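Not measured: the values here are computed from a predicted model. Numbers here are sequence positions counted from 1.
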Amino acid sequence: MNMENAISQRIANFLKDYEPFNYLTHEDLIKIVSTIRVLNLEKHKSLFQINETLHDSFYVVASGVIHLSVISDAEETLLNKCYAGDIFGLRPFFAKNNYQMSAKAREESIVYAIPIVTFKPFVAQNPKVLDFLLESFAVNTKNSLDNQNHGLISDNISYTDNQSDMQYFQTLNYNKTPLKISFDTLIKEAAQLVTDNMFDSALITDQSYPIGIVTDKDFRSKVATGRFPLTNTIDKIMASPVITVTENISVAEAQLVMLKHGVTHLCVTKDGTDKSEVKGIISEHDLVVAQANNPGILLKEIKRSQTAKELKLVRNKLSDIIQSSLNKNIPLTHINSIVGEITLAIVRRAVEQAILDLGSPPARFAWLSIGSQGRKEQLLLTDQDSILVFEDVSEDKYRDVKDYFLKLAKKTTVTLEKVGFMSCPQGHMASNMMWCKSLTDWIKQYNNWMNTPGESTNEISSVFFDYEMAFGEQKIEDAITETIFNNIKNKVLFFDYLGNDTLKKPTPLNFFKKFNVEEEGENKGKFDIKTRALMPLIDGARMLVLSNTIKGINSTYLRYKQLAMVDPKFSEIYLNCADAFLILSKFRTLEGLKNDDSGQFINLDELTKVDKEKLKNALNPMKELEELIKDKFQLTQFS
């Protein structure tokens, strides 16, 4: 095998592990790979920028991290981070207008450029690939976004707002009592009915089935111009056949259908065909109204908010998006990414509101969201976890500076509590003086945790190793990261501590493979999915990425995916854990949305037999993970 073939095979083997390339045959992948360009990007190098002319390719990250950002209210806003296997720059598939976001390398990166003209035939031939691209159209994250189409679906998809690249998934609200008339109704009578009912359209039906539609545009262009007399029947000017859709169509899907067919109205029927009963009508105006709740608009509302009450309204809208997204089976990885960015934006604005109230900070600082917020896995209104790190100041100023930041943290956490994020029961919040301190003090703290675990009364809480900066100086967060990874080598005791902490979680199933449920208290008989199922997976992923010195990946799912690449010997275990995490997270989220709580305790009696089996199967990888951790680390000191 010559060098060129070897490279092609290596790229094909890489791509086949990711959607939508896993839907293609190896032969098809080799054809695609033969046209791919390999791009080496230096740190901070831009691949494309806002308003730049569209490229002839879309992109897949081979290694490194690519940041996607937009300009909103004269500020650059990070939309997403793309890691190995992630697709971005899909706009040439979906639009003629220029790029609506910028793509820049966060670190040295390798990117594969796949020509649109090469890939397009495989999209047309493979419905799963097309479905994936349409689904990716809905989100600005893993394998997706920078949307819109250049002839594949339509030649004229366009949006009016840069933020629309963070597409919206919510189910549409539409007119469920449309005006229905028969085909032999006179144009004059139809026009009067439309006017009297203050509608902009009427459906023409035959035995309750839609056979055509007329809109105010038809009356203006065909009747007002004199082309058709008022005494003609409505079937002479109606558009037929009418474009029909199902009842649970999303905003993104409705917009695609309208643009594909060049229409301004869609008829909703019971089964989505014109051979079933009319259930409603969707207009372009309905789409405009729905966009008020899309994630991009929510980010703007957050930036403009002045009170906790306004932030709470945004978070309530976000809950609706989460519910609709789950109903539409949007991948949980996509939902987590969108919700994670919006949640961080809420935290950022809460900090800004505190600064507006207290005045300018006396020193530079960083507010880090930790735990589930730091991992961007907080789909429910659970507790808030945070730390505050301020730059080193002279000893005589230290007390006053810390007092300011404690006041800022208190105001911020109170605001977040009003939004719905309850206080952390363990006190892991920046408003706690233990977790609000200078960079030097924080470096000492992490050094102590990692060098002498278990010796201090201040035991390690592993959530401090999952963090994402919501506000402040990037250099401060980088210093914390550098401290952790400088300490990571040969830290047998540290991993011994983490490993035992991971494995001490109560088991989810008993010897007879029955669920271990709570034996007493208000949740008696319920299954603790957080403690018994999710936390071991979260803790295991954190421990393993630290030991493999994998930086910059906080998501539990993406951590396991990355581990499968860097530690291929155990890739099957890692991939099983990644899938299990998504399944378990969805169970918890649905339970929390249903009961308006944290979703921690699952009422097994309310699950179907199929769901119980699915839940139980998702617990299987945990035993393999436990054995892997025991095998990789010397778990003795803290056993």
Examine Y446 together with F485 and report whether their ring centres are nearer than 6.0 Å. no

I'd like to check the ring pair (Phe, Tyr, Trp, His ring centres under 6.0 Å) partners of F633; sequence neighbours left out, ordered by chain and number. F495

If the condition is side-chain contact (heavy atoms from CB on, under 4.5 Å), which residues does V545 pass it with, not counting sequence neighbours? I550, R559, L563

Checking E391 side chain against R364 main chain: does a donor-acceptor pair fall under 3.5 Å? yes

Only counting residues at least two apart or in another chain, list the ones meeting side-chain contact (heavy atoms from CB on, under 4.5 Å) with P536. K505, M622

Do F405 and F365 have their ring centres less than 6.0 Å from each other? yes

If the condition is side-chain contact (heavy atoms from CB on, under 4.5 Å), which residues does A354 pass it with, not counting sequence neighbours? L408, K411, T412

Ring centres of W435 and F464 under 6.0 Å apart? yes

Quick one: side-chain contact (heavy atoms from CB on, under 4.5 Å) partners of A430, sequence neighbours excluded? W367, S386, L388, A409

Can you name the ring pair (Phe, Tyr, Trp, His ring centres under 6.0 Å) partners of Y398, sequence neighbours left out? F390

Is atom NZ of K586 surrounded by more than 12 heavy atoms (other residues, nucleotides or ligands) closer than 6.0 Å? yes

Give a yes-or-no answer on whether the side chains of Q353 and D357 include a donor-acceptor pair shorter than 3.5 Å. no

